[in-house]
Each structure stands twice: as structure tokens, then as C-alpha cells.
J.: 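The following block contains the structure, expressed as C-alpha cells.
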Amino acid sequence: MDNTNDSIVINNINYTLIDLEKDCWIRLVNGAVKGRDPFHLPAVANFSDGDISLRTVVLRKALPEERELRFHTDTRSPKWKALQVNPAISALFYDASARIQLRVKGKAVLYFNDAITVEAWEKTNLSSRRCYLTPFTPSDFSEIPTSGLPPHIEQEEFTLEESEVGKEHFGVVGIKVESIDWVWLNHAGHRRAFFDYVKGEYRWMIP
Ligand SMILES: Cc1cc2nc3c(=O)[nH]c(=O)nc-3n(C[C@H](O)[C@H](O)[C@H](O)COP(=O)(O)O)c2cc1C
């Protein structure tokens with residue numbers, strides 16, 4: 001059934017499936033560039049030792065052409081190792097004022113010690129670099145409540161030059177998006193659409 005020409009009206013604007021898919025990526029790009037955007041902090045899930053593992057991350061980049069999302073992480077973290085074993089990954093976004101949820105599924109690509117990580121690291125500020133300056137392994141248990149950072153690092157009393165060692169643990173996780181499940185909550189009836197990049201199909205769904 002070719003239903004790509006059917007459209008819905010949101011805030012007096014007509015959207016076809018093609019328009020909605022474009023709108024998803026506009027929202028994702030805004031989420032990456034605007035710190036206060038509701039899409040800035042998605043929950044990202046993957047498999048880890050047969051379990052589901054879920055956490056909040058900062059959306060750092062959204063690339064509509066490449067259909068890729070990126071966040072930064074410590075390469076010593078459990079998620080990095082688990083994604084090497086199983087790259088299946090999912091990200092959840094919700095914009096409460098727009099009442100739009102996106103459930104993104106894809107495969108993770110792990111960038112380390114390459115042009116992408118170098119560029120991302122160079123744009124990272126001192127405060128963010130602190131995360132990569134612990135000598136300990138992230139997610140390990142500790143006998144005491146601690147940031148895992150030496151006091152001068154914790155107080156941000158270090159130079160950009162001194163922070164360069166953190167690069168050793170700095171990784172970028174790319175999510176190669178394979179599908180987006182879009183839901184719009186509306187008092188006059190919700191709407192749902194599914195954008196499947198693997199099958200190359202855009203379809204309406206029953207919410
Ligand atoms: C607001 C917020 C933003 C976060 N951003 C990131 C991030 O961009 N990358 C990251 O690795 N962890 C981030 N974290 C920490 C993760 O949620 C998680 O606690 C940590 O990465 C350990 O996850 P893991 O044990 O699954 O590796 C963030 C936490 C919060 C509360």
C-alpha cells in the first residue's frame with residue numbers, strides 16, 4: 001500500500017511520512033547542538049552479558065545524511081566492551097512539550113584514536129575532560145564515596161595540556177540508525193509512524 005502521500009496536521013502544518021522523517025532529524029540535530037533541548041539527553045540501551053543495560057548520555061552529534069548519532073564515553077566503561085561484543089543499540093528521546101517520542105534502533109560503531117575522536121576531543125571542554133582523567137575503571141565498585149578523581153582534577157585546577165592524557169580513554173560511540181519509531185501524543189488521537197532504513201519503508205502504525 002502506498003500511503004506516503006497521506007498526511008497529518010500538527011500545529012497547522014501538514015506532514016507526510018517523508019516530512020515527518022525529515023522532522024525527526026531536525027529534532028535530533030537540535031538535540032545535539034542545544035544544551036537545553038529535550039532531545040539533548042537520550043536514554044541509550046544495549047545488551048550486556050545477556051542483560052539490558054540502560055543509561056542517560058549527552059547527544060553530541062546528529063548527522064542526517066549519514067543517519068548517525070554520536071555520544072562520548074570512556075573506553076574502559078562496561079558499555080564500550082559490551083558494544084564490541086554486540087553492537088545492537090537503541091536510543092530513546094521524548095520532547096514533553098511537542099509530545100513526540102522517538103525510539104531509535106541501530107548498530108553501534110566505536111571510534112577510538114582516529115580523526116573523529118581527535119576532532120571531538122579537541123572540542124571537549126576542561127569540565128568534560130575530567131571524566132576521562134580518573135586512574136580507575138568507570139563502573140568499578142569503591143570502598144568510599146568518590147569521584148575517582150585526584151583533588152586538583154576535581155577542582156578543575158589543571159591545564160588543557162595536562163588534560164591531554166584523558167584522550168587515551170576517550171571514545172565516540174556512533175549509532176548507525178536503522179529505524180525510527182515516531183509517536184505523537186494528541187488529545188484527538190495519537191499518531192505513529194515507522195521509518196525503516198533497512199527495508200527502505202516508511203509506514204504509519206497504530207499507536
Ligand atoms: C545527564 C547525564 C549525562 C550523561 N552523559 C553521559 C555520556 O555522554 N556518556 C557516558 O558514557 N555517560 C554519561 N552519563 C553517565 C551514564 O548515564 C552512566 O552512568 C555511565 O556511563 C555508566 O554506564 P555503563 O556502566 O553502562 O558504562 C551521563 C549521566 C547523566 C545523568
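All ligand and atom numbering here is 1-based and tracks the order in the structure.
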J.: With sequence neighbours left out, write down each residue that passes side-chain contact (heavy atoms from CB on, under 4.5 Å) with V9, or none if nothing qualifies.
T.: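 V9 satisfies side-chain contact (heavy atoms from CB on, under 4.5 Å) with N14 only.
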J.: Considering non-hydrogen atoms of the protein only, which is the closest contact for atom 26 (O) of ligand 1, and what is the distance?
T.: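 Heavy-atom neighbour on the protein nearest atom 26 (O) of ligand 1: R55 NH2, 2.8 Å.
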J.: Just by modelled atom types, is the F195 backbone N or O under 3.5 Å from a matching donor or acceptor in the R203 side chain?
T.: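 Not confirmed, R203 side chain does not pair with F195 backbone.
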J.: Classify the contact between R60 and ligand 1 as side chain, backbone, both or neither, using a heavy-atom distance cut-off of under 4.0 Å.
T.: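 Answer for R60: neither.
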J.: If you apply the rule salt bridge (charged side-chain N to carboxylate O under 4.0 Å, His left out), what do you find for E178 with K107, and how did you get there?
T.: CA-CA 7 Å; E178 295 182 343; K107 295 283 186 304; 3.2 Å; yes
J.: Students should be able to answer this: which protein heavy-atom is nearest to atom 15 (C) of ligand 1, and at what distance?
T.: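 Among all protein heavy atoms, the one nearest atom 15 (C) of ligand 1 is T56 O, 3.9 Å.
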J.: Using the ring of W121 (Phe, Tyr or Trp, six-membered ring only), decide whether R129 places NZ or CZ under 6.0 Å from its centre and within 45 degrees of its axis.
T.: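 So R129 does make the cation-pi contact.
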J.: Using salt bridge (charged side-chain N to carboxylate O under 4.0 Å, His left out), reason through R27 and D23 one step at a time and then give a plain yes or no.
T.: CA-CA 6 Å; R27 289 175 185 281; D23 184 70; 2.7 Å; yes
J.: Please answer whether the main-chain N or O of G189 pairs with a side-chain N or O of R191 as donor and acceptor at a distance below 3.5 Å.
T.: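 Yes, R191 side chain to G189 backbone: donor-acceptor pair under 3.5 Å.
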J.: Which part of S139 is near ligand 1, with near meaning a heavy atom under 4.0 Å away: side chain, backbone, both or neither?
T.: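 The part of S139 near ligand 1 is the side chain, not the backbone.
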J.: Verify the contact flag for atom 19 (O) of ligand 1, where contact means a protein heavy atom under 4.0 Å away.
T.: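 Given the 4.0 Å cut-off, atom 19 (O) of ligand 1 does not count as touching protein heavy atoms.
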J.: What is the closest protein heavy atom to atom 9 (N) of ligand 1, and at what distance does it sit?
T.: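 Nearest protein contact, heavy atoms only, for atom 9 (N) of ligand 1 is H72 O, 2.7 Å.
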J.: Which heavy atom of the protein is the closest neighbour of atom 11 (O) of ligand 1, given with residue, atom name and distance?
T.: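 Nearest neighbour among protein heavy atoms for atom 11 (O) of ligand 1, to 0.1 Å: T73 OG1, 2.6 Å.
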J.: Any idea which protein heavy atom is nearest atom 27 (O) of ligand 1, and the distance to it?
T.: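 It is K79 NZ, 2.9 Å.
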J.: Which of parallel (below 30°), tilted (30 to 60°) and perpendicular (above 60°) describes F39 and F93?
T.: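 Ring orientation of F39 relative to F93: tilted.
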J.: Can you tell me the protein heavy atom closest to atom 8 (O) of ligand 1 and the distance?
T.: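 Atom 8 (O) of ligand 1 sits closest to the protein heavy atom V58 N, 3.0 Å.
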J.: Short list, please: which atoms of ligand 1 are under 4.0 Å from a heavy atom of S77?
T.: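 Taking each heavy atom of S77 in turn, ligand 1 has 27 (O) under 4.0 Å.
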